[in-house]
There are 4 protein chains.
Amino acid sequence: MIAVLKRGATKADEKKVIELIEEAGFSAHPDTGAETTIVGVVGVAPEKKVNLKEKLQVMSCVDKVVVISDPYKLTSWNFKQDKTVIDLGDGVKVGGNELTVMAGPCSVENEEQMLETARVVKEAGAKILRGGAFKPRTSPYSFQGLGEEGLKLLAKAREETGLKVITELMDIEHIDVVCKYTDIIQIGARNMQNYALLKEIGKLDKPVMLKRGMAATIKEWLLAAEYVMNEGNHQVILCERGVRTFGEETRNTMDLSSIPLVQQLSHLPVIADPSHGTGRWELVIPVARAAAAVGADGIMVEVHPHPENALSDGPQSLKPDNFRLLMDELSAITNSLKSFRSREKKIAYE
Amino acid sequence: MIAVLKRGATKADEKKVIELIEEAGFSAHPDTGAETTIVGVVGVAPEKKVNLKEKLQVMSCVDKVVVISDPYKLTSWNFKQDKTVIDLGDGVKVGGNELTVMAGPCSVENEEQMLETARVVKEAGAKILRGGAFKPRTSPYSFQGLGEEGLKLLAKAREETGLKVITELMDIEHIDVVCKYTDIIQIGARNMQNYALLKEIGKLDKPVMLKRGMAATIKEWLLAAEYVMNEGNHQVILCERGVRTFGEETRNTMDLSSIPLVQQLSHLPVIADPSHGTGRWELVIPVARAAAAVGADGIMVEVHPHPENALSDGPQSLKPDNFRLLMDELSAITNSLKSFRSREKKIAYE
Amino acid sequence: MIAVLKRGATKADEKKVIELIEEAGFSAHPDTGAETTIVGVVGVAPEKKVNLKEKLQVMSCVDKVVVISDPYKLTSWNFKQDKTVIDLGDGVKVGGNELTVMAGPCSVENEEQMLETARVVKEAGAKILRGGAFKPRTSPYSFQGLGEEGLKLLAKAREETGLKVITELMDIEHIDVVCKYTDIIQIGARNMQNYALLKEIGKLDKPVMLKRGMAATIKEWLLAAEYVMNEGNHQVILCERGVRTFGEETRNTMDLSSIPLVQQLSHLPVIADPSHGTGRWELVIPVARAAAAVGADGIMVEVHPHPENALSDGPQSLKPDNFRLLMDELSAITNSLKSFRSREKKIAYE
Amino acid sequence: MIAVLKRGATKADEKKVIELIEEAGFSAHPDTGAETTIVGVVGVAPEKKVNLKEKLQVMSCVDKVVVISDPYKLTSWNFKQDKTVIDLGDGVKVGGNELTVMAGPCSVENEEQMLETARVVKEAGAKILRGGAFKPRTSPYSFQGLGEEGLKLLAKAREETGLKVITELMDIEHIDVVCKYTDIIQIGARNMQNYALLKEIGKLDKPVMLKRGMAATIKEWLLAAEYVMNEGNHQVILCERGVRTFGEETRNTMDLSSIPLVQQLSHLPVIADPSHGTGRWELVIPVARAAAAVGADGIMVEVHPHPENALSDGPQSLKPDNFRLLMDELSAITNSLKSFRSREKKIAYE
């Protein structure tokens with residue numbers, strides 16, 4: 001962290017700045033240039049820096065404070081040198097060498113829909129079944145999900161197909177019931193900064209998939225993961241699902257560059273959700289292919305045997321035929337890229 | 001709602017579209033133009049339209065679906081013709097003819113700070129005291145608030161000064177303790193779409209101030225208010241606190257036009273928070289003046305007797321002298337505009 | 001286009017709306033629902049609709065006007081059923097079945113740099129050499145390019161390697177000199193809505209690559225292409241180079257979904273520029289792979305033999321080794337996807 | 001500027017960084033902390049820093065480069081300690097103590113419209129008449145303006161009313177004809193980074209109003225002004241006209257906080273254009289009031305005697321009655337705030 005003093009700041013000003021820094025337990029390194037004086041802040045207590053930064057900003061002799069070190073602890077490669085692999089049992093992993101596909105309907109609607117979809121996605125090669133039982137809807141007048149009834153249908157589909165299950169948890173009250181049925185807890189974009197909820201799931205021994213908030217920076221997203229990890233639960237998967245921009249033609253703007261960027265900053269696996277990222281099934285296939293090519297650890301995609309009858313998100317759901325095409329294309333891409341891994345690593349560490 | 005068929009859609013396609021609309025309980029009004037056919041959807045069950053819209057979008061013969069009517073019910077002027085006035089007792093109101101000012105520190109820190117601030121803001125003319133006891137911080141390593149201890153200090157300041165109190169509620173678990181001490185529950189930007197929380201506070205008999213989410217459209221904001229009102233609690237205040245844009249120089253971009261826009265759509269009062277909207281105290285005064293001039297029903301502003309010691313948000317807090325200046329300027333502006341009200345109304349209804 | 005009348009609009013209001021529509025040369029199709037009346041506008045003169053829309057919006061009885069048909073003419077699949085292929089001679093095409101790669105330095109700096117880069121990119125498989133001679137820089141104090149001297153060096157590199165050349169044109173004054181040396185004129189993001197320039201290049205017989213503006217919607221981008229095509233020049237390539245969002249970690253946010261979206265709306269080829277889209281060389285390789293997988297018709301990428309000495313954009317330039325790796329990966333991806341084309345088409349027309 | 005070295009950077013790395021800085025003519029101030037080494041760059045040649053920054057970023061041992069000093073020269077208070085006042089003669093000034101109002105139609109349409117509007121705005125107190133003769137329209141099929149014919153009508157209206165005139169210049173070719181008739185050249189948002197045009201008008205002795213680009217940061221906006229000033233023309237007015245965000249309900253999002261922010265950074269006057277900033281006449285009045293209260297040096301507003309017949313921007317044009325109301329409100333606000341100036345200054349320099 002560096003405090004930049006205003007032009008015309010006096011030696012007395014500089015002294016006050018240094019005192020403040022030292023009182024906070026850091027050491028101060030002043031440096032006077034031709035036009036401005038800067039004071040570097042050195043120390044190893046990042047958790048105290050937020051407050052010190054604000055205190056410095058308040059001083060009338062300080063022009064601005066520039067933060068240099070990243071605020072990450074547990075999510076960072078500095079904390080853990082091996083990539084995090086979430087092992088769900090039966091050979092299903094997220095973050096390993098395979099592209100893990102999670103597929104299924106937006107909402108669990110009924111037994112027939114759930115079982116039919118589960119069979120389709122299993123057969124096409126998906127490892128994890130998605131389906132919402134508690135639905136965060138923009139309008140209170142929209143379908144809100146089947147609740148525990150839906151969770152039971154997910155469990156039934158798991159039993160029949162052997163797929164693992166992921167479903168959304170929206171509030172602390174439902175932690176027990178959701179955990180009873182699911183293999184991965186999904187935290188949706190709207191709850192990415194619901195800190196009370198993050199702290200509670202941080203106490204569980206259950207993998208969590210944390211979606212990026214609609215307008216969350218990479219920093220806020222990783223710090224949300226820190227909320228979970230700081231309570232002890234280190235089994236976190238991140239999910240890019242598009243951010244909000246001025247774009248009018250798609251539901252969101254898929255920020256695929258966030259995937260390699262996060263992978264450079266963090267050991268956590270990152271997957272892509274092109275269904276919410278685009279909102280239009282015709283775009284889901286090409287964007288899912290792009291996510292595989294960009295290096296995502298997995299893909300989550302909405303599939304519905306009869307989108308025209310879906311209770312939610314029909315327009316962004318793939319029909320079975322399209323999903324099978326996508327799975328074949330994803331295999332082709334990941335296979336074509338396998339042989340480049342060693343060359344890529346070499347360059348990265350050059 | 002209007003379904004626009006693709007070029008080349010056949011009569012059989014049109015028939016299928018009409019059937020779907022009628023099955024959903026609406027009536028269909030087809031209209032064939034030179035190049036495209038459109039089918040109007042008429043009916044009075046807005047809550048069913050979300051799903052019908054998606055079903056129509058899925059049909060291969062449908063190019064797009066255009067929604068015409070607004071999704072609002074309880075927040076709309078169609079529901080209630082009188083402006084909502086939140087009456088907090090002792091003559092303190094939000095939404096009446098006065099500009100109501102809420103002021104105080106970001107966080108409750110200790111008794112001295114709280115009482116000193118309360119006296120300052122009371123004397124300068126504020127009616128409501130703000131102060132956070134439960135703090136939503138981006139990093140888990142930042143100060144998280146004093147909890148109930150903080151609430152008690154707020155209550156003590158209320159007792160001494162007669163100010164009403166507003167404080168943030170972050171989760172369902174703390175509803176009882178927060179309600180015990182506060183006059184208005186504040187729901188922060190990060191929780192604007194925490195629907196479980198919104199539903200619970202919808203069951204209370206306590207005024208609620210709902211901040212706009214960082215990337216929330218006007219529609220999403222009003223629908224979040226509908227979540228609260230739909231459960232029975234109609235005492236909702238809206239608060240514009242800036243939205244996230246590409247701007248790098250301010251914490252957020254204050255969207256002041258949202259205030260008259262919401263006032264045209266809804267009977268709910270709308271206030272402005274220039275402290276979070278700008279993040280810089282030098283900008284708080286001019287932007288607060290602008291909020292008064294744009295017609296806000298109130299202003300929420302952070303004041304701290306010693307910003308350099310604040311545990312949070314020091315850089316955006318006004319010192320007492322600046323706050324007094326602001327209060328005088330706000331009075332001057334609102335007084336100068338009073339005589340225009342009848343001319344404004346005349347034009348609006350012309 | 002549909003005019004939605006306000007609640008309470010009278011028959012007389014409706015009549016006035018109909019008259020306005022008919023005066024403008026369109027036919028009016030009124031439809032009265034339970035709560036609102038809508039009036040459809042039918043006719044075949046899209047160029048008159050912008051003005052009619054505004055006139056209707058002004059009427060006090062009109063709530064809003066909803067545009068249904070797209071404003072595109074020459075860029076649309078309705079105008080031309082075959083994909084546009086830009087043929088640059090010697091077998092170099094953009095928009096055909098191959099992924100065409102354009103590569104080279106941000107700025108032309110000197111002969112050695114230009115020839116060295118040209119040899120590298122030629123050998124690795126690029127078909128087109130990029131290099132800026134006139135540079136649009138945010139600050140007037142930054143390097144502004146070598147001008148005609150730079151164009152001569154580009155031409156020299158073309159002569160030696162057989163590569164085609166693309167370079168940016170910034171103003172009408174330099175049209176002749178740029179055209180003398182280049183095979184494709186590049187119009188930068190900042191000039192996407194420089195309509196005087198677009199009209200002039202519309203009169204040329206020279207391919208044009210039109211970059212998407214920093215905050216341009218798909219509609220604005222295609223309409224900018226219409227400006228060029230409307231003057232007679234139909235050899236237009238579009239280039240996605242990232243849009244501006246709240247993201248702080250990358251130079252722009254690459255909107256890869258725009259590529260398949262534009263391909264669904266228009267017959268024009270669309271390429272991706274991951275160098276400007278990300279601003280960081282470590283992200284260029286994965287995002288370029290993603291662009292290939294999403295179906296881009298080409299890739300433009302910055303390559304510099306010694307990025308540490310580059311006069312501009314060093315941080316986003318690939319070194320030769322990295323560029324060769326990228327080219328091999330791009331080949332692998334495009335080859336792996338070739339066999340799926342017929343299945344994709346079948347689904348699209350299902 | 002500060003280069004932050006990567007963890008694990010060696011002494012040899014540090015030496016290379018220092019050499020690079022010194023070669024560029026700056027002095028290097030290394031500082032080694034517990035975890036990272038930073039190297040400060042000190043010197044007085046800001047125009048060389050852009051390139052040095054990129055060179056440092058390219059080095060493999062450098063984690064990031066943080067820019068500390070602002071890149072402004074001529075626009076900055078460091079360059080000129082008095083506020084710039086643009087004197088148009090006959091007592092009409094922009095940047096003085098008055099709020100200067102520019103008003104008139106979007107497009108010049110015909111003599112009757114122009115003269116009628118000029119009389120209305122003159123009588124209500126505006127000092128400057130606006131009207132577009134060359135129109136930048138998103139679609140090539142929309143009305144493109146009357147050209148010189150329109151300029152003549154503006155001049156005629158000036159002759160009759162004594163109002164000064166402002167009109168948009170879109171390209172270098174029309175500089176002479178526009179300058180012949182106008183008192184202020186307007187550069188539109190789409191041309192804010194049309195550097196060739198900026199350089200040309202920099203050579204003129206004619207005031208320029210530079211609108212903020214749709215997605216321009218404050219820095220880019222001021223640097224665009226530097227392009228003009230660097231050529232010698234220091235008569236620059238800045239105009240905030242809204243930026244592009246995810247907002248769907250208004251044409252743009254008016255960023256009113258940019259006005260005091262720019263006034264803190266620069267001596268140039270800044271005005272507000274609430275017509276383009278909102279796109280809806282019902283919002284123009286409140287947002288214009290807010291602009292006055294925020295401290296804008298002027299307001300530009302669209303007025304049309306018959307918006308329902310306007311050839312462009314009818315929906316955002318004020319009718320004469322509304323404009324008169326607005327002028328009265330603006331007077332009331334500015335009068336009410338006059339007495340606070342000395343208190344404001346005192347606080348600012350505290």
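Throughout, a chain's letter reflects where its sequence line sits, starting with A, and its residues are numbered from 1.
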Worksheet item: Taking NZ, NE, NH1 and NH2 as the nitrogens, is one of them in E220(C) or R190(D) under 4.0 Å from a carboxylate oxygen of the other?
Response: no

Discussion item. To the nearest 0.5 Å, what is the distance between CG on L311(D) and CD on E54(C)?
Written reply: 9.5 Å

Discussion item. Counting heavy-atom pairs closer than 4.5 Å to chain C, which one of A215(D), A216(D), S317(D) comes out on top?
Written reply: A215(D)

Worksheet, complete the sentence: Looking only at A196(C), S312(C), G213(C), the option with the highest number of non-hydrogen pairs under 4.5 Å against chain D is S312(C)

Worksheet item: For E231(C), is it the side chain, the backbone, both or neither that has a heavy atom under 4.5 Å from a heavy atom of chain D?
Response: neither

Worksheet item: Taking atom OG of S139(D) and atom CG of L222(C), what is their separation to the nearest 0.5 Å?
Response: 11.5 Å

Item to complete: Return yes when atom NZ of K15(C) has more than 12 non-hydrogen atoms of other residues, nucleotides or ligands closer than 6.0 Å, and no otherwise.
Response: no

Item to complete: State, to 0.1 Å, how close K55(C) and E308(D) come at their nearest heavy-atom pair, and which atoms those are.
Response: CG-O, 3.2 Å

Item to complete: Answer with side chain, backbone, both or neither: which region of K199(C) has an atom nearer than 4.5 Å to a non-hydrogen atom of chain D?
Response: side chain

Practice prompt. Would you mind reporting whether Y141(C) and N230(D) have side-chain heavy atoms less than 4.5 Å apart?
Written response: yes

Item to complete: Check whether Y227(C) gets within reach of chain D through its side chain, its backbone, both or neither, counting any heavy atom under 4.5 Å.
Response: both

Worksheet item: Contact part of N191(D) toward chain C, heavy-atom cut-off under 4.5 Å: side chain, backbone, both or neither?
Response: side chain

Item to complete: Supply the atom-to-atom distance E226(C) CD to T138(D) OG1, rounded to the nearest 0.5 angstrom.
Response: 12.5 Å

Discussion item. Distance check, rounded to the nearest 0.5 Å: E200(C) atom CD versus D171(D) atom CG?
Written reply: 8.5 Å

Response to the item:
Under 4.5 Å to a heavy atom of chain D? For A189(C) that would be neither

Fill in: Interface residue of largest heavy-atom contact number with chain D, from H174(C), Q57(C), R280(C), under 4.5 Å
Q57(C)

Worksheet item: In Å, rounded to the nearest 0.5 Å, how long is the span from CG of L197(D) to CG of L197(C)?
Response: 11.0 Å

Worksheet item: Taking every heavy-atom pair that is under 4.5 Å apart, which of K219(C), M214(C), Q144(C) has the most such pairs with chain D?
Response: Q144(C)

